[in-house]
Amino acid sequence: MSAAAPAEIRLTLPDGSQRTCPAGSTGADVAAAIGPGLAKAALAIRLDGKLRDLSTKLTGDARFEIVTLKDKNEAELLELIRHDGAHVMAQAVQELFPGTQITFGPATDDGFYYDFVRDQPFTPEDFAAIEQRMAEIVKRDLPIKREEWPADKAVDYFKSIGETYKAEWVAEIAKRGEAISVYRQGDGWLDLCMGPHMPSTGKLPVAFKIMKVSGAYWRGDAKNRQLQRVYATAWRDPKELAAHLQRLEEAEKRDHRRLGREMGLFHQQEEAAGMVFWHPLGWTLYRSLERFMRERLEAARYVEVKTPQLVDRKLWEASGHWEKFRQNMYIAENEEGIRDYAADDSERIFALKPMNCPCHVQIFNQGLKSYRDLPLRMAEFGSCHRFEPGGALHGIMRVRNFTQDDAHIFCTEDQIISESQAFCSLLQSIYKDLGFTDVRVKFSDRPATRAGSDEIWDKAEGALKEACDAVGLEYTLNPGEGAFYGPKLEFVLRDTIGRDWQCGTLQVDFVLPERLGAEYVGADGARHRPVMLHRAILGSFERFIGILLEHYAGKLPLWLAPLQVVVAPIVSDADGYAQSVADQLEAAGLRVTTDLRNEKINYKIREHSLAKVPVLAIVGKKEAEQGSITLRRLGVEAQETLALADALARLAAEAKMPSRA
RNA sequence: GCUGCCGUAGCUCAGUGGUAGAGCACGUCAUUGGUAAUGACGAGGUCGACAGUUCAAUCCUGUCCGGCAGCACCA
């Protein structure tokens, strides 16, 4: 501390009041001065809005806040708790399993994990023991103290205790010139950490649970050694923990794989791993979505095409996919001697298309294009095959055969901006109609090695940003993560349990037109390269339907529901009337069936409710006599008896596909 | 692909070194019942595949296939 430091410093508390204390006091001192209750509850302080250790020495005037379990900044508080939790778990594991090395242990959205190095795998049976030891460490109430160490001391220390990964990491931090801080928990155990932390292990709420263990690569690189990642969830109190576990259970109920079975939409089987067998109802849903997309694309002046599944490798060589993407491609080689005729092209090798772009360029290249033809928006619901690694497959969200709502916009450089804007606005309108307003956008800009001049990149990056701004989409930056052929936007939706899935995308491409020789004649009479915008809104029908199912927990909006109405008579005397009601509903454009089985109405309601049929039309003697129907909505006990004509009109209106506003 | 776990009836799951069980679903019969399960009876499985150990394997071992979670990769 410099000699000029004032003897007294002034703290401004959250309520605006001011308080003075001797310079060099700690947060804990101030808390104690305010009151013993607060001193006990204090977990950390906030100095000018920044979270700090309670033991931080106060050296100047500042806005000052004491953080307790009641802190209003829930996210920051939880992170503090979880970060401590990670350390407590690490200590517990090292006490229980000597010889285990520690590496990284950050907080996550619902808890924390820690990556360990240990030859023997952790098993779910170990979880209880670890939890118990953690609770014990909490009970020991070990003081947590920050220490700043010179880098070489830290390297030597971690090496001396066999923590080679920590030593490696310290060396790296030191190289960047950053300070090395360690947090000591009790007398012996310590971990390299930036902090902040709570003052002692006793402050950690015993509201954590170890959830799972899995492999994870050191520094996130598959070439490195695989570590064991132990995940835990952690909360402010046991009630919150219980609520979280409850949420997970609920999420499981809306898992798209489960709903797909319960609703009779699709199935998958090992003879076609990573592919989808769409059942009649599932395919109806698929087609509704397809019809919706087709209408929107037509309104947005796209033209639709269809291109081959199997294409000679020559095209993939020209496009660069053969070199860059071959390990993900299904290659069809001709087996010798299986045909009883001589095939002209038995020597040739074909591959199932993993992407549609090269095929679209082939269409573009037919006939000489003029600048007057641009922008040319070429759409295809293109079925693509990619040999995805087995561990990546996930229901219908990550498959090996999927159908992209793909399109390529061939345009001039000057049109990038307007086309990007038009696309973002189309995308946003479609997401909105499908019920998604919480869309994450990631913007990836120029990577270190890239094609195209800086000038063009400036233009392309600017266009993508402007397009987001124009329709009010906020994005986060992924610096340097763009493709080598151009910058991109990724539109990400989140599934039930918080996993993110990329759906839409917009990519500017300066390279493929070049590689595949696309050109147009400009106003100047000379030939020019068009720019290609690769874009998708749903991403793939398969993934998007999975997201839709989870988003709505199977309770799809009426226009998307594959089976919209089931007409169920209460007694068989009403069968004839039920059939006539169904016929009229069908004539009004609804997807409807009857349930004439000899079952009680309770049974029928239960069954169709479980199958997520949105509307049940119940008819008994009363309805048959009055010419009415009684409607029951999915998940709603209330019923409503309407004149048939009214019901028909109402349901038909409700079942209308959203069209361009 | 990597790590861990898993694969028994259509589904959800018990179970055992001596070739298997429940609930629901399914079929038959009876029941005509006003808003989330009517009852009785019946049929269903080479226990994922292939090898090995064993007198004997659904169970133990190995390999493969598939699934789940995470990592890596990706729409």
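Within every chain, numbering begins at 1; the chains are lettered A, B, ... in the order of the sequence lines, protein sequences first and strands thereafter.
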- Message: I need the single residue from A:Tyr113, A:Tyr114, A:Trp169 that forms a ring-ring contact (aromatic ring centres under 6.0 Å, His included) with A:Phe104. Which is it?
- Response: A:Trp169

Check nucleotides 64-66 of chain B for protein N or O atoms closer than 3.5 Å to its own N or O atoms and list the pairs.
residue: B:C65; atom: O2'; partner: A:Glu270; partner atom: OE1; Å: 2.8

- Message: Whether the side chain of A:Gln639 and the base of B:U35 hold a donor-acceptor pair under 3.5 Å is what I'd like checked.
- Response: yes

- Item | RNA chain B base-pair string [pairs: Watson-Crick or G-U under 3.5 Å; |: paired with another strand] | (((((((..((((....[..)))).(((((.......))))).....(((((..]....))))))))))))....

- Task: Using a cut-off of strictly less than 4.0 Å, decide whether A:Arg257 has a side-chain nitrogen or oxygen near OP1 or OP2 of B:C68.
- Result: yes

Show me, pair by pair, the donor-acceptor contacts under 3.5 angstrom made by side chains of residues 270-280 of chain A, not counting sequence neighbours?
residue: A:Glu271; atom: OE1; partner: A:Gln269; partner atom: NE2; Å: 3.3
residue: A:His279; atom: ND1; partner: A:Phe277; partner atom: O; Å: 3.3
residue: A:His279; atom: NE2; partner: A:His267; partner atom: ND1; Å: 3.4

- Can you tell me the distance, in whole Å, between the CD atom of A:Glu607 and the C1' atom of B:U35? 15 Å

- Query: Is A:Arg118 touching bases, backbone alone, or none of the nucleic acid, heavy atoms closer than 4.0 Å?
  - Reply: nothing

Table of protein N/O atoms under 3.5 Å from nucleotides 40-46 of chain B N/O atoms:
none

- Pick the nucleotide of RNA chain B nearest each of A:Lys488 and A:Gly635; which residue has the one closer to the 5' end? A:Gly635

- Residues of residues 540-556 of chain A with any non-hydrogen atom less than 4.0 angstrom from an atom of RNA chain B: list those, numerically ordered, please. A:Ser540, A:Arg543

- Do A:Glu490 and A:Ser444 get their side chains close enough for a donor-acceptor pair, meaning under 3.5 Å? no

- Query: Does a side-chain heavy-atom distance below 4.5 Å link A:Glu481 with A:Pro447?
  - Reply: no

- Is A:Phe402 stacked on the base of B:A75, meaning ring centres closer than 5.5 Å and planes within 30 degrees of each other? yes

- How many Å lie between CZ on A:Arg597 and C1' on B:A37, as a whole number? 12 Å

- Message: Give the residues of residues 561-570 of chain A touching RNA chain B, defined as any heavy atom closer than 4.0 Å, sorted by residue number.
- Response: A:Ile570

- Task: Can you tell me the distance, in whole Å, between the OH atom of A:Tyr231 and the P atom of B:C5?
- Result: 17 Å

